[in-house]
Amino acid sequence: MGEQPRPRPKNAANGSPGDAHGSPGGPGNTFGKSARRSPVSSSTPGTTGKKVKAAPRKAPKAESHLAMVRRARRINRELAEVYPYAHPELDFRNPFELLVATVLSAQTTDLRVNQTTPALFAAYPTPEDMAAAVPEEMEEIIRPTGFFRAKTKSLLGLSAALRDEFGGEVPGRLEDLVKLPGVGRKTANVVLGNAFGVPGITVDTHFGRLVRRWKWTDEEDPVKVEAVVAGIFPKSEWTMLSHRVVFHGRRICHARKPACGACPIAPLCPSYGEGETDPEKARKLLKYEMGGYPGQRLSPPADYPGKPAPALGNG
């Protein structure tokens, strides 16, 4: 009998003839004809049969600092077009109300704070009134925001400090604000940027998460994140940049499942693909006005395109 023909190798994935990458030009061949070459070695015709190792693939070129800065600034410009109405999502009418609301917002949502503060400010409209409050009565009002005993202590302390040291007025300097009980750099920057027009970068959980996802920095400490981002953008952009990034983080670029397939800055994002990339499925993940739902403010700005939030107990 003659020599039997050797069987052709089967594709390990689907059992079809060909190598494990699929046939040339098929769905499994992402590199075209080059995928037919062995990634390890080959025999070259006309040589002594010596094995020749394939050239290793070049690693992607690292992004330069200048290129990152340009990409970061373009992201900011794109977000400005997507969220021209970006704003602080706490309801307030004066610096004192914004200061109190920001302190209350720790470990809870802006929505819950906005649903709670109308009763709080009706009872204690000024620092003098709040400083004289009965702790147990204030605790009961702010209970829905969580950690109500610690927050009551902070509010009583900062109100007394405003009354005794600042003539009942909220100071407009960072160094004064951070001395108040319960007030750190984040809270101070919120108040300065939105009540006094002093530029500031607000590094909350959303802001920190997104700037790391966009590879602007790998810092975890909020103060260091603030310093890095401050070096990327002109001071005039700091406050609105903060609003835009936070808006994007709350609506599209979620922590657990970002809506990558519905993201307007996907081409600029080095982390694209961490979340849902199918456009239809991604659109179902959008929140607030992007998804057709109410926002967080009971009294949003006039240019806000979404629906106001419901009052406490109405939704």
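Along the sequence shown, the residues carry numbers beginning at 1.
Between Glu274 and Cys269 there is no side-chain heavy-atom pair separated by less than 4.5 Å. Under the 4.5 Å side-chain criterion, counting only non-hydrogen atoms from C-beta, Val228 is not in contact with Val225. Inter-residue side-chain proximity for Val203 and Val223 is flagged as unmet; no heavy-atom pair is nearer than 4.5 Å. The shortest side-chain heavy-atom distance between Leu174 and Val178 falls under the 4.5 Å cut-off. Contact check for Trp214 versus Ser271: no side-chain heavy atoms found under the 4.5 Å cut-off. Side chains of Thr239 and Ile201 form no contact here, defined as non-hydrogen atoms less than 4.5 Å apart. Annotation: side chain of Tyr272 is in contact with side chain of Thr277 (closest heavy-atom distance under 4.5 Å). The side-chain heavy atoms of Arg74 and Arg71, taken from C-beta on, include no pair separated by under 4.5 Å.
Under the 4.5 Å side-chain heavy-atom criterion for Ile, Leu, Val, Met, Phe, Trp and Tyr, Val190 and Leu120 are members of the same hydrophobic cluster. Taken together through direct or relayed side-chain contacts under 4.5 Å among Ile, Leu, Val, Met, Phe, Trp and Tyr, Phe92 and Tyr85 form parts of separate hydrophobic clusters. At a threshold of 4.5 Å between side-chain heavy atoms, the hydrophobic network of Ile, Leu, Val, Met, Phe, Trp and Tyr places Leu180 and Met138 in one connected group. Taken together through direct or relayed side-chain contacts under 4.5 Å among Ile, Leu, Val, Met, Phe, Trp and Tyr, Leu156 and Leu162 form part of one hydrophobic cluster. Hydrophobic clustering (side-chain heavy atoms under 4.5 Å, transitive across Ile, Leu, Val, Met, Phe, Trp, Tyr) keeps Phe196 apart from Met240.
A salt bridge does not link Glu237 with Arg73: every distance from a Lys NZ or Arg NE/NH1/NH2 to an Asp or Glu carboxylate oxygen is 4.0 Å or more. Asp110 has a carboxylate O that lies under 4.0 Å from a charged side-chain N of Arg250, or vice versa, which qualifies the two as a salt bridge. Between Glu226 and Arg185, at least one side-chain N (NZ, or NE/NH1/NH2) sits under 4.0 Å from a carboxylate O, which counts as a salt bridge. Salt-bridge annotation for Lys284 and Glu276: absent, with no side-chain N of the basic residue lying under 4.0 Å from a carboxylate O of the acidic one. Here Lys307 does not pair with Glu289 in a salt bridge; the nearest charged N to carboxylate O distance is not below 4.0 Å. Salt-bridge check for Glu89 with Arg251: passed, with a basic side-chain N closer than 4.0 Å to an acidic carboxylate O.
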inquiry  = Applying side-chain contact (heavy atoms from CB on, under 4.5 Å) to Tyr124 and Val100, what does each step give before you reach the verdict?
reply    = CA-CA 11 Å; Tyr124 317 111; Val100 169; over 6 Å; no
query = Under the side-chain contact (heavy atoms from CB on, under 4.5 Å) criterion, do Met290 and Val82 qualify, and how do the steps go?
reply = CA-CA 10 Å; Met290 287 291 184; Val82 177; 3.5 Å; yes
request  = Apply the test side-chain contact (heavy atoms from CB on, under 4.5 Å) to residues Glu169 and Phe96: give CA-CA distance (whole Å), side-chain angles for both, the deciding distance (0.1 Å), then the verdict.
outcome  = CA-CA 8 Å; Glu169 299 292 333; Phe96 176 63; over 6 Å; no
query = Could you walk me through whether Asp176 and Phe166 pass the side-chain contact (heavy atoms from CB on, under 4.5 Å) check?
reply = CA-CA 9 Å; Asp176 292 328; Phe166 297 99; 3.9 Å; yes
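The structure places NZ of Lys235 at 14.5 Å from CG of Leu241, a figure rounded to the nearest 0.5 Å. Put simply, CD on Glu220 and CZ on Arg209 are 12.5 Å apart, with the number rounded to the nearest 0.5 Å. Asp204 contributes atom CG, which lies 8.5 Å from atom OG of Ser105 (distance to the nearest 0.5 angstrom). Thr217 OG1 to Ile232 CD1: the interatomic distance, rounded to the nearest 0.5 Å, is 7.5 Å. Rounding to the nearest 0.5 Å places CG of Asp278 at 11.5 Å from SG of Cys260. One finds the CZ atom of Arg163 at 10.5 Å from the CG atom of Asp129 (value rounded to the nearest 0.5 Å).
Between Trp216 and Phe233, the ring planes are tilted. Angles from 30° to 60° get that label.
Minimum interatomic distance between Leu192 and Gly172 (heavy atoms only, all atoms of both residues): CD2-O, 3.2 Å. Taking each heavy atom of Pro264 and Ile252 in turn, the nearest pair found is CD-CD1, 3.8 Å. Of all the heavy atoms in Ala309 and Gly295, the pair that sits closest is CB-O, 3.2 Å. For Pro294 against Pro308, the heavy-atom pair with the smallest separation is CB-O, 3.5 Å. In plain terms, the two heavy atoms of Ala255 and Pro258 that are nearest each other are O-CD, 4.4 Å. Nearest heavy atom pair, residue Pro234 against residue Trp238, reads O-CD1, 3.3 Å.
Under the side-chain contact (heavy atoms from CB on, under 4.5 Å) test applied with Leu90, the options Val113, Thr117, Leu111, Leu104 reduce to a single match, Val113.
For the residue pair Asn114/Gln296, the side-chain donor-acceptor check at 3.5 Å is not satisfied. With no hydrogens or angles considered, a side-chain donor-acceptor pair links Asn194 and His243 at under 3.5 Å.
For an aromatic pair to be called close, the ring centres must be under 6.0 Å apart, and His206 with Phe247 fails this.
Judged by the 6.0 Å and 45° rule, Arg244 forms no cation-pi pair with Tyr83. Figure legend: cation-pi geometry between Arg149 and Phe147 absent, as NZ or CZ is not positioned both under 6.0 Å from the six-membered ring centre and within 45° of its axis.
A donor-acceptor pair under 3.5 Å links the side-chain atoms of Asp91 to the main chain of Leu298, judged by distance alone. At distances below 3.5 Å, at least one donor-acceptor pair connects side-chain atoms of Lys151 with backbone N or O atoms of Ala106. Listed for the Thr145 side chain is a donor-acceptor partner under 3.5 Å among the backbone atoms of Ile142.
Around CD of Glu175, the count of heavy atoms belonging to other residues, nucleotides or ligands within 6.0 Å exceeds 12.
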